[in-house]
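Computed from heavy atoms alone, side chains included, the values below leave out hydrogens, waters and symmetry copies. Numbers here simply count residues along the sequence, with the first being 1.
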Amino acid sequence: MKKIFLLLVLYNFSFYPVWAQSQRAKPVKPDLEKMMQMTPGEIEVYKEKLLKQASSQVKDRASMAGIPIDETVLPGFEIQQPPKDLKRLAMIPPKLPSKTELMAGVQQSLQQINAVASPAVRQDVKKITTEQDPSQMERTAIALWYGDQPLASLLVSIAAVQKKPETTVLWNNLAALYNMAGLEEKAVPILLYQLQSSPASSLLLNNLGQSFLGLGDMGKAEMYLSKCLALDEGNPEANRSMGMINLFKKEYATAQKYFEKELEVSHRRSTLALMRKKGMPIDLNALRKRRTGIPHRDYFEEIGLGKFRMPDFPEKSGESDDWHQQHAGYLKSLQSEYLFWTSIPMASPEAIKAEGKRPPGLYADLEDELTRELGSTFAPLLGIMTEEDGKMIDAMIKDYYSKLAAVQCPSPPTGPNVGQDIILAYQKKCCDKKKAIADEYVARRNAYIRNRFIIVDARWKEYINGMISNIRLNPTEGNKRMVYHAVAEYFGFLISTLQTAVIFEPAPVECMSNNLTASEADDIIAASHDIDLSCPSWLNISIDLQVASLKADCGSYGIEGGKGLLAGYEKNFKTGTSTISAGVGASQHFGTVLNAGVKQMVYVSFDNNNQFSDFGLKGTAGVTADLVSEQLVTGGIGKITNMVAGVEGGYTLSLNSGFKPFVTGKGILSGTTH
């Protein structure tokens with residue numbers, strides 16, 4: 001609006017404000033019924049039409065109210081290359097002017113502006129130029145321009161040049177004001193003249209490029225802007241204009257690079273709007289990091305978050321209980337921090353009300369863009385496990401249980417004489433096989449989650465640092481609470497990591513309550529095998545002592561007594577176990593050779609240290625062919641029986657071994673019956 005206003009002033013020497021008097025247009029509303037009948041392509045066209053209508057209404061209302069707006073951010077705005085203004089380009093002198101000619105030109109501009117300025121403006125300018133020196137007048141001219149007083153700004157700037165014409169900066173600033181006022185043809189001679197004495201001035205080169213861009217001479221504009229950027233690659237105005245030139249040429253990738261260089265230094269909503277309309281990806285937070293001169297503080301460490309170091313996870317099964325007990329204080333501290341950050345009290349209602357009355361801060365728009373972009377970038381990246389990670393862990397679990405199921409554990413021998421120590425020895429062998437698989441699974445699983453934690457923890461640090469850095473641009477009460485919430489969520493992330501990684505994964509069941517070492521188990525099993533290998537299987541002797549019977553072989557001996565009601569004692573040589581039993585039984589003789597018997601007894605066993613090891617029921621039924629010696633033993637109190645052959649079947653039902661049936665051959669049948 002300033003540019004149009006000054007063009008009218010300097011070319012017509014008069015200004016007639018015209019206010020449009022019209023009835024306020026109704027807001028644009030979509031016709032939903034009509035849209036339901038449209039194809040997707042027609043809906044897009046209709047949407048563009050509505051956006052243009054809405055943008056037009058906004059511009060009309062802003063014009064009626066005298067409110068300046070940036071049309072580039074409106075939805076329907078389309079950037080257009082300025083046409084080459086041949087008439088104004090022809091007004092530029094073909095050769096460099098002299099200093100006298102420059103001074104005459106600014107005097108002419110002074111007379112033209114004074115002719116249309118109000119007496120109040122002329123009076124204010126006279127006071128400023130009387131009381132201030134040229135350097136002060138320079139700053140005042142800039143302030144008047146941004147204070148929406150363009151005539152006063154130009155008058156003060158011209159007066160500063162006239163007072164001190166040897167100062168290049170004063171001439172450059174006057175040329176810049178000419179450019180912003182739409183008087184680029186007046187700026188070009190000034191800049192070309194000053195460039196003779198300062199050929200390496202990026203300020204002069206930039207303003208000269210802006211002048212030719214406004215006049216529509218793209219070739220000269222690109223030439224001078226490129227020279228400027230060769231001296232000052234971060235110049236935001238030169239980068240923006242080079243981006244626009246490449247946008248006009250439809251070279252979008254090159255345009256994006258220049259726009260990004262601009263945004264590294266300054267924030268302009270119109271640039272963001274242009275980039276979005278052309279589908280250019282924007283990462284303001286990454287651009288801001290690249291900006292030189294911005295102190296990159298580690299707020300994460302400053303507020304003490306770095307001291308909550310995650311301890312190493314267990315690497316073996318069965319260690320989770322001890323791990324949680326050892327680190328109970330750490331978990332409690334995480335929970336306390338979470339409660340602290342979620343419990344910070346709100347500001348008082350009076351403070352919130354007062355804040356609501358204040359206008360937005362200078363960097364409120366920039367902070368809003370940065371914070372929204374930061375959130376959308378990091379929101380999907382801050383969880384300890386993604387869907388793919390969950391699938392990976394599930395595959396590990398399935399593999400673990402598949403390997404456990406495939407383990408072939410050695411089976412302990414069966415029979416009533418198998419003691420608890422043998423069973424424990426075989427369990428230990430099975431434990432060793434399964435424990436190795438369980439340990440490998442726990443180590444692999446926790447290492448995977450540990451690596452995930454390291455990656456995501458670094459993201460949390462970057463996220464919190466970025467958020468605090470952004471919020472410092474606009475530290476409202478709401479923004480502060482957003483930071484508190486983010487820090488609380490970080491502690492929630494730490495807690496969930498512990499719950500995911502250090503689960504209560506016990507050792508295999510065979511390893512529970514088994515204190516044998518691998519060598520002890522091997523010794524027990526080896527001892528029991530040695531006896532079986534050295535003893536003839538046919539050696540079975542029974543001595544009938546009338547009131548009791550004594551039975552013995554290479555593995556054990558036992559005494560049983562009673563008729564009907566039985567009691568007995570047995571000692572196993574191989575395991576060292578002792579067994580006391582009681583129960584009922586019946587026997588029958590068939591001739592002098594065949595004998596049959598049935599027994600049902602309760603028994604209690606003790607290990608080789610005479611400690612209780614097992615109890616249960618056992619039952620037997622058998623048939624034997626015996627050779628009875630007529631020779632009396634100890635004066636006729638008994639007879640010696642040597643078994644020729646026999647078969648015995650039965651079962652044991654015990655606390656430790658469970659139910660086990662058996663069928664065995666004896667004497668010459670030993671090893672042939674199963």
Side-chain angles (χ1 to χ4, degrees), residues 1-4 6-7 51-52 55 59 68-86 88-89 92 145-146 172 175-188 191 202-284 287-288 290-291 365-366 369:
M1 292 182 69
K2 294 178 188 175
K3 180 179 285 191
I4 295 172
L6 285 167
L7 283 171
L51 288 173
K52 288 181 179 179
S55 296
K59 288 189 286 186
I69 62 171
D70 185 354
E71 294 185 16
T72 61
V73 302
L74 297 178
F77 178 80
E78 286 293 335
I79 189 70
Q80 299 291 333
Q81 179 177 331
K84 197 168 186 177
D85 195 332
L86 298 176
R88 289 201 292 149
L89 284 168
I92 300 172
W145 178 268
Y146 287 105
N172 175 75
L177 289 173
Y178 278 151
N179 280 341
M180 290 189 290
L183 303 172
E184 291 90 351
E185 71 282 359
K186 288 181 174 289
V188 171
L191 294 167
S202 60
L203 287 175
L204 294 172
L205 290 166
N206 172 61
N207 284 330
L208 199 51
Q210 304 300 336
S211 298
F212 283 108
L213 181 61
L215 292 167
D217 191 336
M218 296 296 114
K220 288 185 178 179
E222 188 170 4
M223 178 182 71
Y224 286 112
L225 291 171
S226 296
K227 289 181 178 180
C228 168
L229 291 175
L231 297 168
D232 178 15
E233 66 175 0
N235 188 297
E237 295 301 327
N239 275 302
R240 172 179 168 79
S241 295
M242 286 294 287
M244 298 295 291
I245 290 171
N246 282 278
L247 202 63
F248 298 146
K249 294 190 294 185
K250 300 187 184 304
E251 295 179 359
Y252 299 122
T254 305
Q256 179 176 343
K257 292 179 181 178
Y258 284 112
F259 287 142
E260 287 179 348
K261 292 296 292 184
E262 173 203 355
L263 293 172
E264 284 182 30
V265 180
S266 64
H267 173 259
R268 188 180 275 112
R269 296 183 67 185
S270 57
T271 300
L272 292 171
L274 283 174
M275 294 179 73
R276 290 194 178 100
K277 286 176 183 177
K278 298 301 179 182
M280 300 178 186
I282 308 171
D283 189 345
L284 279 180
L287 295 175
R288 193 162 183 259
R290 300 203 314 243
R291 177 179 174 182
D365 284 344
L366 175 60
E369 288 279 353

Please round to the nearest 0.5 Å and tell me the distance separating atom [atom1] of [X] and atom [atom2] of [Y].
{"X": "E185", "Y": "D85", "atom1": "CD", "atom2": "CG", "result": "8.0 Å"}
{"X": "R240", "Y": "N235", "atom1": "CZ", "atom2": "CG", "result": "13.0 Å"}
{"X": "N207", "Y": "L191", "atom1": "CG", "atom2": "CG", "result": "5.5 Å"}
{"X": "L177", "Y": "N172", "atom1": "CG", "atom2": "CG", "result": "9.5 Å"}
{"X": "C228", "Y": "L203", "atom1": "SG", "atom2": "CG", "result": "7.5 Å"}

I'd like to check [X] versus [Y] (side-chain heavy atoms, cut-off strictly below 4.5 Å). Are they in contact?
{"X": "F212", "Y": "E184", "answer": "no"}
{"X": "Q210", "Y": "L225", "answer": "yes"}
{"X": "L229", "Y": "M242", "answer": "yes"}
{"X": "M218", "Y": "L213", "answer": "yes"}
{"X": "S241", "Y": "Y258", "answer": "no"}
{"X": "V188", "Y": "L89", "answer": "no"}
{"X": "Y252", "Y": "L247", "answer": "yes"}
{"X": "Q256", "Y": "T254", "answer": "no"}

Which pair of non-hydrogen atoms, one from [X] and one from [Y], has the smallest distance, and what is that distance?
{"X": "N239", "Y": "E262", "result": "CB-N, 3.9 Å"}
{"X": "A221", "Y": "G209", "result": "CB-O, 3.5 Å"}
{"X": "G243", "Y": "F259", "result": "C-CZ, 3.5 Å"}
{"X": "N206", "Y": "A238", "result": "OD1-N, 3.3 Å"}
{"X": "G214", "Y": "R88", "result": "O-NH2, 3.7 Å"}

- prompt: Taking atom NZ of K249 as the centre, does the number of heavy atoms from other residues, nucleotides or ligands within less than 6.0 Å exceed 12?
  reply: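 More than 12 within 6.0 Å, yes.
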message: According to side chain to side chain donor-acceptor pair (under 3.5 Å), who are the partners of D217, at least two apart in sequence or on a separate chain?
response: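 Partners of D217 under the side chain to side chain donor-acceptor pair (under 3.5 Å) test: none.
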message: Per the salt bridge (Lys or Arg N to Asp or Glu O under 4.0 Å) rule, what does the pair list look like for residues 224-235, sequence neighbours excluded?
response: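 Pairs touching residues 224-235 that pass the test: none.
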